[in-house]
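Taking it in order: structure first as structure tokens, then the write-up.
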Amino acid sequence: MNLTRNDFPDGFQFGVATSAYQIEGRDFGGCGPCHWDSFAATPGNVVRAEDGAVACDHYHRLDEDLDLVARLGADVYRFSTSWARVIPEGRGAPNPEGLDFYDRLVDGLLARGIKPAATLYHWELPQPLADLGGWRNRDIGDWFADFTETVMARIGDRVWSAAPINEPWCVGWLSHFDGHHAPGLRDIRATARAMHHILLAHGRSIEVMRGLGMGNLGAVCNFEWAEPADDSADSAAAAETYDAIYNRFFLGGLFRGEYPAPVLAGLEPHLPEGWQDDFATIGAPLDWLGLNFYTRKLITKGDGPWPHYAEVEGPLPKTQMGWEIEPAALTRFLIRAARDYTGDLPLYVTENGMASANPFDDPDRIGYLSDHLEAVRAAIAEGAPVAGYYVWSLMDNYEWSLGYEKRFGLVHVDFETLARTPKASYHALASWWRTED
Ligand code: FCB
């Protein structure tokens, strides 16, 4: 990599990201069951029906893993807190061991000079709440506010930044319309309610954290650049709908107090009554926006009922996930987010990275990261206020419905022995992240 810290603005933050269920091991420390456990136990949902029972055993290897973050020279470590670990029943009594774990995590980061960036929810909904309808139930706003209070009363005084929910599109659409993630529903009404309640819960959580006196609060959304697959008017309309569902629903809700018309065309009849009244809560002012960015999509007209779009396989080189590599799409998205929604608000690329089958020597990942860091520089040069960039992920981990097969780590994990081995990409980043100038 030819980049140095000097190529980025003063104070630019470099980091790595992980999430609780993907690394910790839910069999340990009094963690309760979550909807990913039951989803994974249902045949056909997850490759080899793998789950997060042990994952990377991070729960027992916390210090070893934080040392890896420190040796990488990362400024920030983005992690998530497991609701099922902190409150096994979802509501009510906290699990002291769970809170102690996140306390040790935050102190361990601070002791190593690393900024803790917390995300409250990265997908492990406690099973008792899933049984009550999960994200379809409006009460989740209250449940999530209480969970926020429980976690942040303990660690909120020491985290550097915090965000309520990782990737509302995945929690809402991917999980309730596409059925690819827990709870695996394919239902338009469930989708509409979940999408709205996620944003409502986000707003409630922000209110709670402000009430605790916390600052540096943001939202973390995943975005994709949607392009029409050809010059036809049908493809243009389909790409616009895709963009509205994937990107503008969340940007619009958070920053404009409105949902885009192409989404309302399908979801409005299914939204909960009085949904417009919730924008006052949803739009609580934020200190930054986090963008998780991996790829672009080519879109054309699809058969069947709304939303009338279909993805087309693109011609660009692809990662192990089959995702096209298009760094310029990141540049375009950062510029667009600032221009149309967030203005001067700092933007952070809160996840970016690639799955690669190369176990240790991963020049493809080094190339991907270099090109996307260049794409971030290009956006900054155009005036987008990008303030940080975090790699997904510190180490190979549980890649949801793809089990342990897809490897996103800078550090290789042997899932038999759980041994960690830094890859070439880890060393490449460390060689310039560790320099001070
Ligand atoms: C994101 C998720 C993260 C991981 C990466 C590859 O959508 O936030 O947990 O699965 O994709």
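Just so it is clear, the values below take in all heavy atoms, side chains as well, and ignore hydrogens, waters and symmetry mates. Counting from 1, the numbers follow the sequence of the chain as shown. In listed order, ligands and their atoms are each counted from 1.
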- prompt: Less than 3.5 Å between some nitrogen or oxygen of Trp323 and one of ligand 1, yes or no?
  reply: no
Close approach, Asn222 and ligand 1, non-hydrogen under 4.0 angstrom: no
Option nearest atom 11 (O) of ligand 1 (shortest heavy-atom distance, choices Phe408, Trp392, Tyr294): Tyr294
field: Element-labelled atoms of ligand 1 that are located less than 4.0 Å from some non-hydrogen atom of Gln22
entry: 3 (C), 4 (C), 9 (O), 10 (O)
task: Indicate the ring-plane relationship of Tyr21 and Trp36, choosing parallel, tilted or perpendicular according to the 30° and 60° boundaries.
output: tilted
- request: Do me a favour and list the nearest non-hydrogen protein atom to atom 7 (O) of ligand 1 with residue, atom name and distance?
  value: Glu167 OE1, 2.5 Å
field: Pair Glu324 + Lys318: basic N to acidic O under 4.0 Å
entry: no
query: Should Ser19 be counted as touching ligand 1, given the test is an N or O pair under 3.5 Å?
result: no
Ligand 1 atoms in contact with His122 (distance to a heavy atom under 4.0 Å): 2 (C), 3 (C), 8 (O), 9 (O)
message: Is there a polar contact between ligand 1 and Trp123, counting only N or O atoms under 3.5 Å apart?
response: no
message: Test your reading of the model: is there a side-chain donor-acceptor pair from Asn352 to the backbone of Val391, 3.5 Å cut-off?
response: no
- prompt: When the ring planes of His412 and Phe360 are compared, do they come out parallel, tilted or perpendicular, using 30° and 60° as the limits?
  reply: tilted
Flag for Tyr121-Ser205: side-chain donor and acceptor within less than 3.5 Å: no
- prompt: If you measure only the distance, is there a donor-acceptor pair under 3.5 Å linking the side chains of Asn397 and Tyr404?
  reply: no
statement: In this structure, atom 2 (C) of ligand 1 is nearest to the protein heavy atom Glu351 OE1, 3.4 Å
- request: Could you label the plane-to-plane angle of the Trp400 and Tyr398 rings as parallel, tilted or perpendicular, counting under 30° as parallel and over 60° as perpendicular?
  value: perpendicular
query: Hey, is Met321 touching ligand 1 through its side chain, its backbone, both or neither, going by heavy atoms under 4.0 Å?
result: neither
- request: Could you label the plane-to-plane angle of the Phe333 and Phe223 rings as parallel, tilted or perpendicular, counting under 30° as parallel and over 60° as perpendicular?
  value: parallel
- line: Among non-hydrogen protein atoms, atom 10 (O) of ligand 1 lies closest to Glu399 OE1, 2.8 Å
